[in-house]
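Down below is the structure, laid out as structure tokens.
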Amino acid sequence: MSNLSTRAEKLEAFDRLLTIMDELRAQCPWDKKQTTESLRHLTIEETFELSDAILEGNPEEIKKELGDILLHIVFYAKIGSEEETFDIKTMIDSLCEKLIRRHPHIYGDESAENDTEVKQNWEKIKLKEKGNVSVLGGVPKSLPALIKAMRIQDKARGVGFDWEEKSQVWEKVEEEMQEFKEEFNVADNAPIDKAKASGEFGDLLFSLINYARFIEIDPEEALERTNLKFIKRFQYLESAAKEAGKNLADMTLSEMDVFWNEAKAK
């Protein structure tokens, strides 16, 4: 972007959005009908669309999806004002006050030398504010399991409960791998106790996620990039097979591997 907006222009644009929201809520049959409950699943969808745009590295799509999320925020605030529970000002004021409280190294007399200390202070202040019995009380129950594991580990780290060296974390990964192998021996075709094997596999995944976090890899993003890579290669396989006049269901694995390796080479 060659010309960035001034603060006055940004405020003018936000005011325009608020005006449009007022008009839509008053005049559009669909907008008039919406509630916080009806918007909820749409907001979740928009969040995932933003995630896709970020992974694709597409600035134009990121801008578009952020705009959609901003619309939802303004929409919820409009409904809140109608119900006289909150409005856009009180929502923003609450956010500003929280940011000031949770950054005492900027707005108070505390110090934080690095991002780890900032996060530790944040979690301690948050725990005190919310009155949670547990540090983990603020992790949403409905989060997908992989993301929930990340947040659980991150919050525990925020109060100092963490490994000291990455080698220790990797030792834990190897320990969990060995325990899983003992429950599910790939060389043995005997029936396994699925409940126990599932528990050991969960422990292994949790330890791998922990190691990824420790070396500053986002496991959710890493897995999603692998998903996208697999989709791209598999779709090449489908296309190449079709061009060769073959049906995937009738092909051998060796035949499919030829196209798969072509996809990897590309």
Please tell me if the side chains of [X] and [Y] come closer than 4.5 Å, counting only heavy atoms from C-beta onward.
| X | Y | result |
| --- | --- | --- |
| T252 | S254 | yes |
| L71 | M21 | yes |
| R233 | F259 | no |
| I73 | M91 | yes |
| D31 | F75 | yes |

Check ion pair D93-K89 (N to O, under 4.0 angstrom):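 Yes.
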Under-4.0 Å salt bridge between E221 and R225: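 Yes, E221 and R225 are salt-bridged.
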Within 6.0 Å of [atom1] in [X], more than 12 heavy atoms from elsewhere:
| X | atom1 | value |
| --- | --- | --- |
| E84 | CD | no |
| M177 | CE | no |
| E255 | CD | yes |
| Y236 | OH | yes |

Any residue meeting side-chain hydrogen bond (donor to acceptor under 3.5 Å, both in side chains) with E83, in chain and number order, not counting sequence neighbours: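 Testing E83 for side-chain hydrogen bond (donor to acceptor under 3.5 Å, both in side chains), a comparison that skips the adjacent residues, returns none.
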All salt bridge (Lys or Arg N to Asp or Glu O under 4.0 Å) counterparts of E176, not counting sequence neighbours: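 With sequence neighbours excluded, E176 shows a salt bridge (Lys or Arg N to Asp or Glu O under 4.0 Å) to K172, given in chain and number order.
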Test side chain to side chain contact (heavy atoms under 4.5 Å, CB included) applied to F14 and V74, step by step: CA-CA 10 Å; F14 190 63; V74 170; 4.2 Å; yes
Short side-chain to backbone donor-acceptor contact, [X] and [Y], under 3.5 Å:
| X | Y | result |
| --- | --- | --- |
| R25 | Q34 | yes |
| K166 | Y211 | no |
| N261 | D257 | yes |

T90 side chain to D87 side chain, donor-acceptor N/O pair below 3.5 angstrom: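 Side chains of T90 and D87: pair found under 3.5 Å.
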Heavy-atom pair of closest approach, residues V118 and A112: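 In terms of heavy atoms, the two residues are closest at CG2-CB, 3.8 Å.
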Steps toward side chain to side chain contact (heavy atoms under 4.5 Å, CB included) verdict (E65, D52): CA-CA 10 Å; E65 299 303 340; D52 288 345; over 6 Å; no
